[in-house]
Visitor: 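One structure, as structure tokens, below. Some questions next.
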Amino acid sequence: MSRKLFIAGNWKMNTSQAGSVDLAKALVEAIGSVDKVDMAVCPPAVYLSSVADALSGSNIALGGQNVFYQDNGAFTGELSTAMLKDVGCKYVIIGHSERRHVIGESDELINRKVVKSLADGMSVILCVGELLEQRQADQTSEVVTRQIKIGLESVHAADMASITIAYEPVWAIGTGVTASPAQAQEVHAMIRNLLAEMYDESVADATIIQYGGSVKPSNAAELLGQSDIDGALVGGAALKAEDFAGIVQAGM
Ligand code: PEP
């Protein structure tokens, strides 16, 4: 089965009002009409509207970095799916390792967000990945399996077309250390087998599994060349139009 590559940029808590618009405009200029690869950027929530304007008419979609599982009410600081969609988001990142390990989100909370986002018609990038000490203790498969099983609890096969899994070993995020293509491929293949067990072969074959962790133009082609790596979730290199465009071009 041939899966279309999907490259997404996670801008995290970076940029500014003017900087986010400049970055979005530079991306539109460089890769806005690419159609061989699916693309999205996820700016800070306060800049979503202005970035949406800058991306308008291009092939680069917009995503949020987080969402809450309620529609509205007394949830200070949170954002609903309706709010994200209102400003043009198609995607939402859920369960990023910084939200798991810095903010303290549990697999159960992440699952509630996944289920709510799917119910409200959003496409989800569900992030999973092991800590360095878990890899060193040979627990990668166990940790990733638990994150996926709980994260996707009560998600039906019919909704899996709206799920992208991002495998991001925590020790490779923002560290400059990349998992080797073979290390990443091994976990991606394990994830695809797990999806076949949880759903069926056709869901497993069709699901996009991105790799994330210090992806840059110089290592993208080799990572994206692995049979079970279907794209990238990019942090640091997504903040430079030239680098993000280089990663997209490596996938073409
Ligand atoms: C990320 O934030 O998802 C990420 C992979 O970051 P970086 O590319 O900087 O490692």
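Since we're looking at a predicted model, the values are computed, not measured. Order of appearance sets the numbers: ligands from 1, and atoms from 1 within every ligand. Just so you know, these numbers use all the heavy atoms, side chains as well, and skip hydrogens, waters and symmetry mates.
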Visitor: Just to be sure I read this right, does ligand 1 sit under 4.0 Å from the backbone of Asn10, its side chain, both, or neither, counting only heavy atoms?
Guide: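 Under 4.0 Å from ligand 1, Asn10 contributes side-chain atoms alone.
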Visitor: Just checking, any donor-acceptor pair under 3.5 angstrom between side chains of Tyr211 and Gln183?
Guide: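 Judged by distance alone, the side chains do not pair up.
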Visitor: Which residue supplies the protein heavy atom nearest to atom 8 (O) of ligand 1, what is that atom called, and how far is it?
Guide: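 Going by distance alone, atom 8 (O) of ligand 1 is nearest to Gly235 N, 2.8 Å.
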Visitor: Distance only, no hydrogens: is a donor on one side chain within 3.5 Å (strictly under) of an acceptor on the other, for Glu133 and Trp171?
Guide: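 Side chains of Glu133 and Trp171: no pair found under 3.5 Å.
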Visitor: Kindly confirm or rule out an N or O of Gly236 lying under 3.5 angstrom from an N or O of ligand 1.
Guide: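 Such a contact does occur with ligand 1.
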Visitor: So for ligand 1, is Ser214 a polar contact partner (N or O within less than 3.5 Å, distance only)?
Guide: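 Yes; the residue has a nitrogen or oxygen that sits under 3.5 Å from a nitrogen or oxygen of the ligand.
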Visitor: Within less than 4.0 angstrom of ligand 1, does Ala237 place any heavy atom?
Guide: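 The answer is no, since Ala237 has no heavy atom less than 4.0 Å from ligand 1.
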Visitor: List the steps and the verdict of side-chain hydrogen bond (donor to acceptor under 3.5 Å, both in side chains) for Thr140 and Gln134.
Guide: CA-CA 6 Å; Thr140 300; Gln134 293 169 328; over 6 Å; no
Visitor: Starting at OH of Tyr69, measure out to OG1 of Thr81 and round the result to the nearest 0.5 Å.
Guide: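 Taking OH in Tyr69 and OG1 in Thr81, the distance rounds to 13.5 Å.
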Visitor: Among all the protein's non-hydrogen atoms, which is closest to atom 1 (C) of ligand 1, and how far away is it?
Guide: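 Its nearest protein heavy-atom neighbour is His96 NE2, 3.2 Å.
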Visitor: Only one of Asp35, Asp38, Asp230 forms a salt bridge (Lys or Arg N to Asp or Glu O under 4.0 Å) with Lys4, so which one is it?
Guide: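 Going through Asp35, Asp38, Asp230 one by one, the salt bridge (Lys or Arg N to Asp or Glu O under 4.0 Å) with Lys4 is satisfied by Asp38 alone.
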Visitor: Under the criterion side-chain hydrogen bond (donor to acceptor under 3.5 Å, both in side chains), I'd like the reasoning laid out for Asn219 against Thr178: C-alpha separation, chi angles, the key distance, then a yes or no.
Guide: CA-CA 9 Å; Asn219 60 21; Thr178 318; 3.2 Å; yes
Visitor: Hey, does Lys12 come in under 3.5 Å of ligand 1, counting only N/O atoms on both sides?
Guide: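 Checking ligand 1 against Lys12, an N or O pair does fall under 3.5 Å apart.
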Visitor: Atoms of ligand 1 less than 4.0 Å from Ala172 heavy atoms?
Guide: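 Those of ligand 1 that fall under 4.0 Å from Ala172 are 10 (O).
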Visitor: Between Leu84 and Gly64, which heavy-atom pair has the shortest distance, and what is it?
Guide: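 Heavy atoms only, the tightest pair is CD2-CA, 4.2 Å.
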Visitor: When only distance counts, is Gly212 in polar contact with ligand 1, meaning an N/O pair under 3.5 Å?
Guide: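 So ligand 1 has no N or O lying under 3.5 Å from an N or O of Gly212.
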Visitor: With heavy atoms of Gly213 as the reference, note each atom of ligand 1 found under 4.0 Å away.
Guide: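 By the 4.0 Å cutoff, the relevant atoms are 5 (C), 10 (O).
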Visitor: Only one of Arg100, Gln147, Lys149 passes side-chain hydrogen bond (donor to acceptor under 3.5 Å, both in side chains) with Asp107; say which it is.
Guide: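 Single side-chain hydrogen bond (donor to acceptor under 3.5 Å, both in side chains) partner of Asp107 among Arg100, Gln147, Lys149: Arg100.
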Visitor: Could you give me the CA-CA distance, side-chain angles and deciding distance for Leu5 and Met252, then say whether side-chain contact (heavy atoms from CB on, under 4.5 Å) is met?
Guide: CA-CA 9 Å; Leu5 291 184; Met252 287 168 62; over 6 Å; no
Visitor: Return the closest protein heavy atom for atom 5 (C) of ligand 1 as residue, atom name and distance.
Guide: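 The closest heavy atom on the protein side is Glu168 OE2, 3.1 Å.
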Visitor: Please could you name the atoms of ligand 1 that Gly174 approaches to less than 4.0 Å, counting only its heavy atoms?
Guide: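 Listed by number with element: 7 (P), 9 (O), 10 (O).
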Visitor: Can you sort out which atoms of ligand 1 are near Leu233, meaning under 4.0 Å from one of its heavy atoms?
Guide: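 Reading through ligand 1 atom by atom, the close ones are 3 (O), 5 (C).
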